[in-house]
Visitor: 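Structure incoming, see below.
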2 protein chains.
Amino acid sequence: MPKPATIIDVAREAGVSIKTVSRVVNREAGVHAETREQVEQVMARLNYRPKQSARSLAGGRSFLIGLLYYDPSAAFVGGVQQGATLRCREAGYHLVVESLHNDAPDLPMQVDRMVSALRPDGMILTPPLCDNPQVLKALRDSQTPCVLISPAADDPEHPSVRMDDVHAAEEITNLLISLGHQRIAIIKGAKDQVASKRRYQGYAAALKAHGIPLDKDLVVQGDFTFPTGVEAAYQLLSRRQRPTAVFASNDEMALGVLVAAQRLGLEVPGDLSIAGFDDTPAAARVWPPLTTVRQPMDDMARAAVDLLVGTRASDGGGQVVVTSGSAQHKVLKHELIVRDSTAASVDKPTRARKAASA
Amino acid sequence: MPKPATIIDVAREAGVSIKTVSRVVNREAGVHAETREQVEQVMARLNYRPKQSARSLAGGRSFLIGLLYYDPSAAFVGGVQQGATLRCREAGYHLVVESLHNDAPDLPMQVDRMVSALRPDGMILTPPLCDNPQVLKALRDSQTPCVLISPAADDPEHPSVRMDDVHAAEEITNLLISLGHQRIAIIKGAKDQVASKRRYQGYAAALKAHGIPLDKDLVVQGDFTFPTGVEAAYQLLSRRQRPTAVFASNDEMALGVLVAAQRLGLEVPGDLSIAGFDDTPAAARVWPPLTTVRQPMDDMARAAVDLLVGTRASDGGGQVVVTSGSAQHKVLKHELIVRDSTAASVDKPTRARKAASA
DNA sequence: CTGAAAGCGCTTACAG
DNA sequence: CTGAAAGCGCTTACAG
């Protein structure tokens, strides 16, 4: 097992200085085409791979991007990570992940340790960490560039990438209305998350646009978890004037509604239409599969990496760029996924059941 | 923004040589208690953080552990990553993740690029990558230590961590038998994965131990995906002699069985008991929630990190260590999760429905 | 277009 | 128990 080739070996073999090899490696302009080719051949022959730690120490760049997340089971983390890791590879970077407790007492220190040790070239923050002042401060102190994914508000200091929650919620409510529903309930998300507010806004806007009065009895508070979805559904479905459709602010809660409806002997979508938000894997694996909104998490993550490494994205994704303060804010397109949990409203729902066939 | 303190700053302030500071940082023995304390105080005051790239370049250790995975949505990847990232932090390491296509033509090169650039101190491989000869070869060529999570077979060369699939499948089948079921079907997992074979073995062993003949009509091939679960269920449930229970080799397929049963108008668990394997998040979010087996993915990942960084695990987890060849093989305990998708067998299932109450 | 020198911030042998 | 020297493998200014 010979030792891996170094830049010196390549330079010697190619008959040039190490500086020239360095220029070829970094694709810098100003190298004779012949020289470049010559060097590249030697690099290939020697199987030369520049060593990150040396590049990092000398050049001040680590070629590392950090991804900070809180709840690993959160639906969007997987998508974000997938998009980020693939884009990093394309750009010659690597993704370092760190699972953090949003309310750990030593959160700032944990962030500082990672940043000071690794000196990543950039950080990607997911909710709720991207809205945590302590985390943001620790990152600012270390002067690490970061991009926020779906932050509560557009921060003038940090670039961000998000989708349009208001619009998406409006679309999904419009869908329900177009199916003839008038009594459409909503289960709101966690109070402290802005996504909850935005989705409620979209719901309210859609009702208003169609002249449907907003009935407070049809608005129930949840917190984005499955159990609150179940509980909220029991509340809603026990009213004398039952809603004919429920828009849950995320899939987790929508699954809870589905379970509650089934336990109460209601047929979905015959007796009740259900819509969610997120398009989690489970949403397509229940019966009936859920109508929901797909957040383009992977595209958002790719855009975040691009913002960090300064690559020009291949666009074409219909991105809207909002500028607030000095930082860039990208808004990516979502997608309405219409499946079988929503159907036309029936005024007097029959309790009859039809055994569906394959 | 002053530049971060270096080892030289600390040495100067503390009135010692940088070598002594280095010794304190690395917790090496042979430093006067007073000297150590003195240095530690200065480090704290200057907020000193050793720079990884410098340590790595000089010392030949990167303090990086790589995690290679294929399908990001696979239930176990999340658990593995969570356990690995937490244990890494405790040990002063960081986790670099890489999503790879198991059948990408340039797989070996992708692995080589990562390893040559980062020189991670170790790699954790998850199925099916841990059984991919090309990946293993690339890693061997680079002399990177690696630990396999749930590999197909105990490799004499690489240490591994896994659970006892045979035993777990046997337990879950025993549970079904103890509930009075005699016609218990199994949906097998993907043909090329050893977990499929092992779970089938456990199923067969349990039947045999109870003198129940193995009925070939009750054995259906699946491939661990949701659609094959649905399809297999339709096959099984359309037989004139329907099974009263189905053991799906993973939750994904069990969810498929549940959907199929519901579409056929069967009540679960009244008409049919269903058991899965994995304890995915969705398993607890459907109605009825699935009886399944929890794989201790996070513990397995922690054990893998320990194997790599040479830390002594706090044991107590009832680990069994098997030695084959020169490498260590750990077998961790699983857990049977009994929920509502399984119930006592009823000979003549009634088609009557009772609307369950809260 | 190309190169010689210095230096990034640590750790590894060696000494004492 | 402690330290002075060399060196890890690159990149950054500077020259030419």
Side-chain angles (χ1 to χ4, degrees), chain A residues 2-40 42-43 46-64 92 94 115-121 142, chain B residues 2-40 42-43 46-64 92 94 115-121 142:
Chain A
K3 297 184 62 171
T6 70
I7 197 172
I8 296 183
D9 301 325
V10 176
R12 187 181 343 97
E13 286 287 307
V16 298
S17 72
I18 62 170
K19 175 64 209 175
T20 296
V21 177
S22 173
R23 271 188 267 256
V24 172
V25 167
N26 292 295
R27 294 195 175 69
E28 288 174 29
V31 179
H32 249 171
E34 301 168 28
T35 312
R36 178 182 302 274
E37 194 165 328
Q38 153 78 351
V39 171
E40 275 169 350
V42 175
M43 292 199 299
L46 264 40
N47 199 30
Y48 171 67
R49 297 271 185 284
K51 197 166 174 171
Q52 293 262 21
S53 55
R55 297 180 84 181
S56 178
L57 181 57
R61 300 167 59 192
S62 63
F63 297 95
L64 255 25
H94 292 276
V115 167
S116 307
L118 257 26
R119 316 281 163 102
D121 294 333
S142 66
Chain B
K3 297 184 61 170
T6 71
I7 197 172
I8 296 183
D9 301 324
V10 176
R12 188 181 342 95
E13 286 286 307
V16 298
S17 72
I18 60 170
K19 176 62 209 178
T20 296
V21 177
S22 173
R23 272 190 267 256
V24 172
V25 167
N26 292 295
R27 294 196 175 69
E28 288 173 29
V31 179
H32 248 174
E34 302 166 28
T35 311
R36 178 183 302 273
E37 195 165 328
Q38 153 79 351
V39 171
E40 276 169 350
V42 175
M43 291 199 300
L46 264 41
N47 198 29
Y48 171 67
R49 298 270 186 283
K51 196 165 174 172
Q52 293 262 22
S53 55
R55 297 181 82 181
S56 177
L57 180 57
R61 299 167 59 192
S62 63
F63 297 95
L64 256 26
H94 292 275
V115 166
S116 307
L118 257 27
R119 315 282 162 103
D121 295 332
S142 66

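A, B, ... follow the sequence lines: proteins, then strands. Residue 1 opens every chain. Since the structure is predicted, the reported quantities are computational estimates derived from the model, not experimental observations.
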Visitor: Just name whichever nucleotide pairs with C:dA15, Watson-Crick or G-U, keeping both distances under 3.5 Å, else none.
Guide: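 D:dT2 - that is the nucleotide pairing with C:dA15, both distances being under 3.5 Å.
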
Visitor: Are more than 12 heavy atoms, taken from residues, nucleotides or ligands other than A:E37, located less than 6.0 Å from that residue's CD atom?
Guide: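 Count not over threshold, so no.
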
Visitor: Which nucleotide in the list D:dG3, C:dT11, C:dG3 gets nearest to the side chain of B:I7?
Guide: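 So the side chain of B:I7 is nearest to C:dT11.
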
Visitor: Looking only at side-chain atoms of A:H32, point me to the closest of C:dT2, D:dA13, D:dT2.
Guide: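 Between C:dT2, D:dA13, D:dT2, the one nearest the side chain of A:H32 would be C:dT2.
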
Visitor: Quickly work out the B:N26 CG to C:dG9 P distance and round it to whole Å.
Guide: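 Nearest whole value for this atom pair: 17 Å.
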
Visitor: C:dT2 phosphate, OP1 or OP2: any side-chain N/O from A:T20 under 4.0 angstrom?
Guide: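 Answer is no, no contact under 4.0 Å.
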
Visitor: Starting at CZ of B:R23 and ending at C1' of D:dA4, how long is that distance when rounded to a whole Å?
Guide: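 Whole-Å distance recorded here is 12 Å.
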
Visitor: For A:I8 and D:dC10, what is the distance between atoms CD1 and C1' respectively, to the nearest whole Å?
Guide: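 It is 9 Å, rounded to the nearest whole Å.
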
Visitor: Could you give the CZ-to-P distance, from B:R55 to C:dT11, as a whole number of Å?
Guide: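 About 5 Å, once rounded to whole Å.
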
Visitor: Ignoring the backbone of B:S17, work out which of D:dG3, C:dA4, C:dC10 is nearest its side chain.
Guide: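 The answer is D:dG3.
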
Visitor: Between B:G59 and B:V16, which is nearer to the 5' end of DNA chain D once each is assigned its nearest nucleotide?
Guide: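 Between the two, 5'-proximity favours B:V16.
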
Visitor: Quick one: are A:F63 and B:L118 in side-chain contact, heavy atoms under 4.5 Å?
Guide: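 The answer is no; the side chains never approach within 4.5 Å.
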
Visitor: In whole Å, I'd like the distance from the CZ atom of A:R119 to the P atom of C:dC8.
Guide: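 It is 13 Å, rounded to the nearest whole Å.
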
Visitor: Closest approach to the side chain of A:Y48, judged atom by atom: which nucleotide of C:dT11, D:dC10, D:dT2 is it?
Guide: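 Selected nucleotide (nearest to the side chain): D:dC10.
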
Visitor: Check whether any side-chain heavy atom of A:V115 sits under 4.5 Å from a side-chain heavy atom of B:R49, and report yes or no.
Guide: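 No, every pair of side-chain atoms sits at 4.5 Å or beyond.
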
Visitor: Select one nucleotide: of D:dG3, D:dT11, C:dC8, the one nearest the side-chain heavy atoms of A:L57.
Guide: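 Closest nucleotide to the A:L57 side chain: C:dC8.
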
Visitor: Among C:dC10, C:dT2, C:dC8, which nucleotide sits nearest the side chain of A:T35?
Guide: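 For A:T35, the side-chain atoms sit closest to C:dT2.
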
Visitor: Within this structure, what is the CE-to-P distance between B:M43 and C:dC10, rounded to whole angstrom?
Guide: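 In whole Å, C:dC10 P and B:M43 CE are 11 Å from each other.
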
Visitor: Which is more 5' along DNA chain C, the nucleotide nearest A:V31 or the one nearest A:I18? Just name the residue.
Guide: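 Nearest-nucleotide comparison on DNA chain C picks A:V31.
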
Visitor: Measuring from the side chain of A:A54 (C-beta onward, heavy atoms only), which nucleotide among C:dG3, D:dG9, D:dG7 has the closest atom?
Guide: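 Nearest to the side chain of A:A54 among the choices is D:dG9.
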
Visitor: Measure CZ/A:R27 against P/D:dT11 and give the value in whole Å, please.
Guide: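 Answer to the nearest Å: 13 Å.
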
Visitor: What I'd like to find out is whether the side chain of A:P4 reaches to under 4.5 Å of the side chain of B:R119, using heavy atoms alone.
Guide: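 SC-SC contact between A:P4 and B:R119 confirmed.
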
Visitor: Does the side chain of A:R23 reach to within under 4.5 Å of the side chain of A:V39, using non-hydrogen atoms?
Guide: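 A:R23 does not reach A:V39 side chain to side chain.
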
Visitor: Which whole-number value in Å describes the distance from A:K51 NZ to D:dC8 C1'?
Guide: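 Atom NZ in A:K51 sits about 7 Å away from atom C1' in D:dC8.
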
